[in-house]
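The structure appears right after this line, and notes come after that.
Residues: numbered from 1 along the sequence shown. Remember, it's 1-based here, ligands and their atoms both numbered in the order they're listed. Bear in mind that the values here come from a model prediction, so they are computed numbers and not experimental data.
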Amino acid sequence: MFDIIIIGAGPGGYETAADAAAHGLTVAIVERDQMGGTCLNRGCIPTKALCRNAEVINLMREAEVWGVKTGEMAFDYAPVFERKEAVVKQLREGVEMLMSAPGITAIKGKATLKDANTVVVNGEEYSAKNIIIATGSAPRGLPIEGADLAMTSDDILAMETLPKSLCIVGGGVIGMEFAAVFSTFGVEVTVIEYCKEILPPFDKDVAKRLKTVLSKRGIKIITSAAVNGISQSEDGYTVSYELKGKPQSVTCEKVLMSVGRQPVLPQGLDTIGVNVGRRGIEVDDNMMTNVQGVYAIGDVNGRMMLAHAASAQGQRALHAIMGKADDIKLDIVPSAVFTVPELAMVGLTEEQCAERGLDVTVKKSFFRSNGKAVAMNETDGLIKMIVDNATRLIVGCHICGAHAADLIQEVVTAMNADATVDLLARSIHGHPTLGEVMLTAARQF
Ligand code: FAD
């Protein structure tokens with residue numbers, strides 16, 4: 001009998017397995033597909049490889065504007081695709097190696113739950129004191145005619161040649177990253193978003209700023225529009241939508257559906273009586289389901305569909321199994337959009353503070369007055385900081401600008417340490433760095 005059986009080897013599953021083995025526990029990890037899960041094979045990593053290519057192309061275009069000759073700029077997608085594949089392969093091999101460490105038994109196949117201590121894979125039974133379900137999520141569709149004509153994020157990452165035009169249904173994180181990347185590669189991109197603004201969970205000012213930048217770069221972004229059908233046409237596909245009560249349509253060579261993701265539920269949950277809610281498997285603060293000893297971490301519980309949230313939840317579950325308390329703050333989770341410029345956020349938005357009736361002050365600082373940003377020619381950007389008036393604790397931070405995803409980490413640490421904004425304001429920041437934009441924001445309080 002193992003100490004733990006983990007179902008699914010995404011960032012939730014494999015990191016927890018490695019951690020458990022490092023603590024001397026015996027672990028079996030079951031994966032039906034490839035090690036690394038969505039994140040490594042069809043998510044974070046391949047998209048970021050593409051984002052890097054887009055960034056380099058943007059830099060080369062910028063250099064041309066300054067008169068630097070960078071050579072032939074005709075775009076060939078084949079080497080970009082190959083590089084993405086190579087990056088994924090390299091990292092996947094790393095995870096495979098990690099999962100062959102002492103204490104870990106990797107089992108290839110689809111797991112079905114038999115009871116609260118038993119999992120069946122390829123007809124064989126494996127038992128454990130605890131089971132962690134980390135089966136992730138899959139792309140969700142829209143209940144509209146022709147929905148199956150659209151590609152998913154999995155399909156677009158497997159596409160080896162570029163279309164002339166692409167219509168993206170859904171302006172969330174995944175949709176906007178693909179929009180920015182493929183538009184840089186020369187594809188004519190249209191984004192259709194149902195909400196008033198793109199990137200609904202992000203701060204409105206920050207999302208609007210990104211929309212302006214991307215629109216200037218030629219991406220057509222249509223908001224407050226309800227897509228109601230996709231049909232095949234002579235030139236590709238026609239996406240029909242309603243805008244301000246009027247029927248409209250756009251025709252393009254390919255359509256990407258990126259309207260969210262849904263949990264992948266392993267078979268047998270009902271047999272053992274695990275509660276499943278609207279978002280996914282229901283769990284308590286220790287990530288335990290209503291069945292003793294059965295946990296669910298990552299996308300499958302629908303709490304926060306991010307790789308680092310999956311890993312952190314795995315740590316919490318592991319600590320609970322080991323009977324060890326921890327102070328991981330699972331509500332302080334940064335998120336980012338890897339467009340150029342990047343977006344990043346942590347904590348509450350201004351709108352959420354207003355809804356909760358919080359007494360806060362909001363201050364902004366801008367990349368355009370930062371020496372490093374000017375030197376980098378990355379002056380488009382801002383940091384918005386939100387501080388509670390009574391405690392002076394930072395309750396939220398929102399960034400649009402170069403290296404936003406890295407910059408936000410300073411605030412994540414400060415929030416974890418319950419540090420006031422004054423601590424940030426008196427901490428010496430190196431010069432010239434983009435970190436000084438954060439310092440300028442903090443000093444205004
Ligand atoms: P997954 O990574 O989905 O892994 C689950 C694994 O379980 C899969 O390998 C699956 O094959 C396996 N499995 C399922 N059912 C069974 C079964 N019955 N038996 C055996 N195995 C099974 N997140 C970020 O934080 N940053 C990003 O930049 C980012 N970019 C993304 C870009 C895209 C295009 C997409 C789609 C997602 C992105 N995400 C990003 C989200 C991130 O990929 C997920 O949040 C993360 O992968 C969730 O990890 P997980 O371990 O819960 O599940």
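Between Lys254 and Asp155, no side-chain nitrogen of the basic residue sits less than 4.0 Å from a carboxylate oxygen of the acidic one, so the salt-bridge criterion is not met. A salt bridge is defined here as a Lys NZ or Arg NE, NH1 or NH2 lying under 4.0 Å from an Asp or Glu carboxylate O, and Lys108 with Glu31 fails to meet this definition. Remark: Lys364 engages Asp205 in a salt bridge, criterion side-chain N to carboxylate O under 4.0 Å. Glu177 has a carboxylate O that lies under 4.0 Å from a charged side-chain N of Lys48, or vice versa, which qualifies the two as a salt bridge. Remark: Asp418 engages Lys329 in a salt bridge, criterion side-chain N to carboxylate O under 4.0 Å. Using a 4.0 Å cut-off between charged side-chain N and carboxylate O, Asp33 and Arg42 make a salt bridge.
Using modelled atom types, one side-chain atom of Asn370 and one backbone atom of Lys372 make a donor-acceptor pair closer than 3.5 Å. A donor-acceptor distance shorter than 3.5 angstrom exists from the side chain of Ser165 to the backbone of Glu253, with no hydrogens or angles considered.
Distances below 4.0 Å separate heavy atoms of Ile7 from the following atoms of ligand 1: 17 (C), 19 (N), 20 (C). For ligand 1, the atoms lying closer than 4.0 Å to a non-hydrogen atom of Asp33 are 11 (O). With ligand atoms numbered from 1 in the order given, ligand 1 contributes 2 (O), 4 (O), 8 (C), 9 (O) to contacts under 4.0 Å with heavy atoms of Gly37. The Lys110 neighbourhood of ligand 1 comprises atoms 18 (N), 19 (N), with distances under 4.0 Å to a heavy atom of that residue. Of all the atoms in ligand 1, the ones that sit under 4.0 Å from a non-hydrogen atom of Ser153 are 36 (C). Of all atoms in ligand 1, numbered sequentially from 1 with element shown, those under 4.0 Å from a heavy atom of Arg261 are 36 (C). Close contacts of ligand 1 with Arg42, meaning ligand atoms under 4.0 Å from a residue heavy atom, involve 34 (C), 36 (C). For ligand 1, the atoms closer than 4.0 angstrom to any heavy atom of Val30 are 20 (C), 21 (N).
Of the heavy atoms in Thr112, none comes closer than 4.0 Å to ligand 1. Heavy atoms of Asp299 found under 4.0 angstrom from ligand 1 belong to the backbone as well as the side chain. Of all the heavy atoms of Ala336, none lies under 4.0 Å from any atom of ligand 1, so neither backbone nor side chain is involved. Contacts with ligand 1 closer than 4.0 Å are made by no heavy atom of Glu177, backbone or side chain. Only the backbone of Ala134 comes within 4.0 Å of ligand 1, judged by heavy-atom distances. The proximity of Thr38 to ligand 1, defined as any non-hydrogen pair under 4.0 Å, involves the side chain as well as the backbone. With a heavy-atom cut-off of 4.0 Å, Gln267 does not touch ligand 1 at all.
By the 3.5 Å distance cut-off applied to N or O atoms, Ala307 is counted among the residues near ligand 1. On a distance-only criterion, Ala310 and ligand 1 share no N/O pair closer than 3.5 Å. Ligand 1 has an N or O atom lying under 3.5 Å from an N or O atom of Arg32, backbone or side chain. Backbone and side-chain nitrogen or oxygen atoms of Thr47 are examined, and none is located within less than 3.5 angstrom of a nitrogen or oxygen of ligand 1. At least one N/O-N/O distance between Leu306 and ligand 1 falls below 3.5 Å. Residue Gly298 places no N or O, backbone or side chain, under 3.5 Å from any N or O of ligand 1. At least one N or O atom of Ala111 sits closer than 3.5 Å to an N or O atom of ligand 1.
The protein heavy-atom contact nearest to atom 8 (C) of ligand 1 is Glu31 OE1, 3.5 Å. When only non-hydrogen protein atoms are considered, atom 41 (C) of ligand 1 lies nearest to Met305 O, 3.9 Å. The single protein non-hydrogen atom nearest to atom 28 (O) of ligand 1 is Lys48 NZ, 2.7 Å, given as residue, atom name and distance. In terms of protein heavy atoms, atom 51 (O) of ligand 1 is closest to Gly12 N, 2.9 Å. Looking only at protein heavy atoms, the nearest one to atom 53 (O) of ligand 1 is Gly136 CA, 3.2 Å. Among protein heavy atoms, the minimum distance from atom 16 (C) of ligand 1 is reached at Thr135 CG2, 3.6 Å.
Residues Thr118 and Asp115 bring a donor and an acceptor atom of their side chains to less than 3.5 Å of each other. Residues Glu282 and Asn301 bring no donor and acceptor atom of their side chains to less than 3.5 Å of each other. Using modelled atom types, one finds a donor on one side chain and an acceptor on the other under 3.5 Å when comparing Asn377 with Glu62. Side-chain contact annotation: Asp235 with Thr251, donor-acceptor N/O pair under 3.5 Å absent.
Nearest heavy-atom pair, Phe178 versus Ser153, reported as atom, atom and distance to 0.1 Å: CE1-CB, 3.8 Å. Annotation for Ala414 and Ile394: closest pair CB-CD1, 4.4 Å, computed over non-hydrogen atoms.
Legend: residues meeting side-chain contact (heavy atoms from CB on, under 4.5 Å) with Glu85, ordered by chain and number and at least two apart, are Phe81. With sequence neighbours left out, Gln315 forms a side-chain hydrogen bond (donor to acceptor under 3.5 Å, both in side chains) with no residue at all.
Closest heavy-atom approach to atom 4 (O) of ligand 1 among the candidates Ser137, Gly10, Gly8: Gly10. One option in Gly43, Gly13, Cys44 has a heavy atom closer to atom 42 (C) of ligand 1 than any other, and that option is Cys44.
A salt bridge (Lys or Arg N to Asp or Glu O under 4.0 Å) with Asp380 holds for exactly one of Arg368, Arg217, Arg209, Lys216; it is Arg209.
The aromatic rings of Phe182 and Phe185 lie perpendicular to each other, with more than 60° between the two planes, well past the 30° mark.
Under the 4.0 angstrom criterion for non-hydrogen atoms, Gly109 is in contact with ligand 1.
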